[in-house]
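For the numbers below, each heavy atom of this structure counts, side chains included, while hydrogens, waters and symmetry mates do not. Order of appearance sets the numbers: ligands from 1, and atoms from 1 within every ligand. Remember, predicted model here, so these are calculated numbers, not experimental data.
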Amino acid sequence: MLFGGKGGVGKTSCAAATSIWAAAQGYDVLVISTDPAHSLGVILEQKIGPEVKAVEGVENLSALEIDPKVALKQMQGGVTKTEEKDLSFPGLDSIGDFDMGSAPGADEALAFAKVLEYIERPEHELIVFDTAPTGHTLRLLSLPDVLNSWLGKLIKLRYSMGRVWGGLKAIIGRGKDEKDDSIEVLQRLKKTVEKAREQLSNKSVTSFVPVMIPEAMAIEQTEMLLTALYEYEIPVEHIIVNMIFPEEVSCRFCKARREMQSQHLTRIRHIYSDQFKVTELPLLDTEVRGISKIKQLSSFLFSQS
Ligand SMILES: Nc1ncnc2c1ncn2[C@@H]1O[C@H](COP(=O)(O)OP(=O)(O)OP(=O)(O)O)[C@@H](O)[C@H]1O
Ligand SMILES: [Mg+2]
């Protein structure tokens, strides 16, 4: 399950509430933050890091905050010298020659590599992703398609480069018997990416939950998000509308906000309730912080399902 949406609408709170609820039902749950500005640890009130760790005070729940820099180190550490050589192009001795960490989109790519790892080795019954605000997450979700076509091109290029390179080596009479595994490595990588793509668009394993608040700007961003998710064929069944003011308010300020929200709520119900299950969450009287407050949010979230 992936929770996404505009900045500050309650993605992390809802991801934490869902994880804690599912863990209490007995599922083995892992919650992963792909947002480089992590706040999962703040909400859970404990240190969560780049290694999977059990969440204190909640049975069956582990958490991880993906750190692109650590992911890069682990990846470089995980690539054997032979694989590194296999992946490299003639004249470029090692993928270490690239400063991958500073390449455009590297944060998303490294987060994606980490996500792939968990899709490849499903040790948990449920993985909940707390994602970054919309733009970043859309770039992350577009990666399987981008990478797939990029790898396809790279494989073709490697084939033709291989012929040229092979010819050159033959001319200078060296390396005729050298084994060249680069195409195989690229094809393996392409298969992994294709598998992730398949998983992401498989309704029986993936569900993206857009989180929004009843305000014009959030509705617009949700529309954009839903269009992109539709294009990427990522299944959406539920939408959460968060931070709804209580109905029985007495102060003028609260009444005005409630009125503004009501108009947007009517529109949201009108646009979405045919297609999705829309869950409305009240604005609590304090911020969502600590296990017991998260449980309070879960009780609203799951009393309606
Ligand atoms: N229903 C609610 N009632 C009261 N406070 C809430 C509610 N939902 C979220 N909050 C508070 O709103 C703030 C933003 O919530 P949260 O961090 O979950 O949003 P986010 O969408 O993950 O933000 P970001 O885009 O920065 O990652 C937090 O302080 C959180 O405690
Ligand atoms: Mg967040």
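- Polar contact check, Asn242 against ligand 1: a nitrogen or oxygen pair lies under 3.5 Å apart.
- Atoms of ligand 1 found under 4.0 Å from any heavy atom of Leu297 (numbered from 1 in listed order, with element): 1 (N).
- The protein heavy atom nearest to atom 24 (P) of ligand 1 is Gly8 N, 3.5 Å.
- Proximity of a side-chain donor or acceptor of Thr206 to a complementary backbone N or O of Gln199 within less than 3.5 Å is detected.
- A donor-acceptor pair is defined here as one N or O able to donate and one able to accept, closer than 3.5 Å; no such pair exists between the side chain of Glu280 and the backbone of Val241.
- Nearest protein heavy-atom contact of atom 5 (N) of ligand 1 is Thr286 O, 3.7 Å.
- At least one heavy atom of Val9 sits less than 4.0 Å from an atom of ligand 1.
- The closest approach between Pro282 and ligand 1 falls below 4.0 Å for a heavy atom of the residue.
- Although no hydrogens or angles enter the test, the distance criterion places no donor-acceptor pair under 3.5 Å between the side chain of Lys6 and the main chain of Ile219.
- The residue among Gly5, Gly10, Gly7, Ala37 with a heavy atom at the shortest distance from atom 15 (O) of ligand 1 is Gly10.
- Residue-to-ligand polar distances place Thr12 within reach of ligand 1: an N/O pair is separated by less than 3.5 Å.
- The Mg ion (ligand 2) does not have Ser33 among its coordinating residues (no N/O/S atom, backbone or side chain, under 2.8 Å).
- Scanning the protein for heavy atoms near atom 11 (C) of ligand 1, the closest one is Met243 CE, 4.2 Å.
- Here the protein heavy atom with the shortest distance to atom 18 (O) of ligand 1 is Ser13 OG, 2.6 Å.
- Of all protein heavy atoms, the one closest to atom 31 (O) of ligand 1 is Val288 N, 2.7 Å.
- Residues Ile294 and Ser13 share a closest heavy-atom pair of CG2-O, 4.5 Å.
- The option from Glu287, His38, Lys6, Lys11 that lies nearest to atom 25 (O) of ligand 1, judged by heavy atoms, is Lys11.
- The one candidate from Arg257, Gln261, His264 that meets the side chain to side chain donor-acceptor pair (under 3.5 Å) condition with Glu215 is Arg257.
- In terms of protein heavy-atom proximity, atom 3 (N) of ligand 1 is nearest to Leu284 N, 2.8 Å.
- Residues Lys293 and Leu297 form no side-chain contact, since every pair of their non-hydrogen atoms from C-beta on lies 4.5 Å or further apart.
- Without hydrogens or angle criteria, Asn242 side chain to Val9 main chain gives a donor-acceptor distance under 3.5 Å.
- Summary of contacts: the protein heavy atom closest to atom 27 (O) of ligand 1 is Asp35 OD2, 3.4 Å.
- For Ser298 (side chain) and Thr18 (main-chain N/O), no donor-acceptor pair under 3.5 Å exists by modelled atom type.
- By the 6.0 Å contact criterion, CD on Glu223 is enclosed, its count of non-hydrogen atoms from other residues, nucleotides or ligands being greater than 12.
- Under the 4.0 Å criterion applied to side-chain N and carboxylate O atoms, Lys203 and Glu237 are not assigned as salt-bridge partners.
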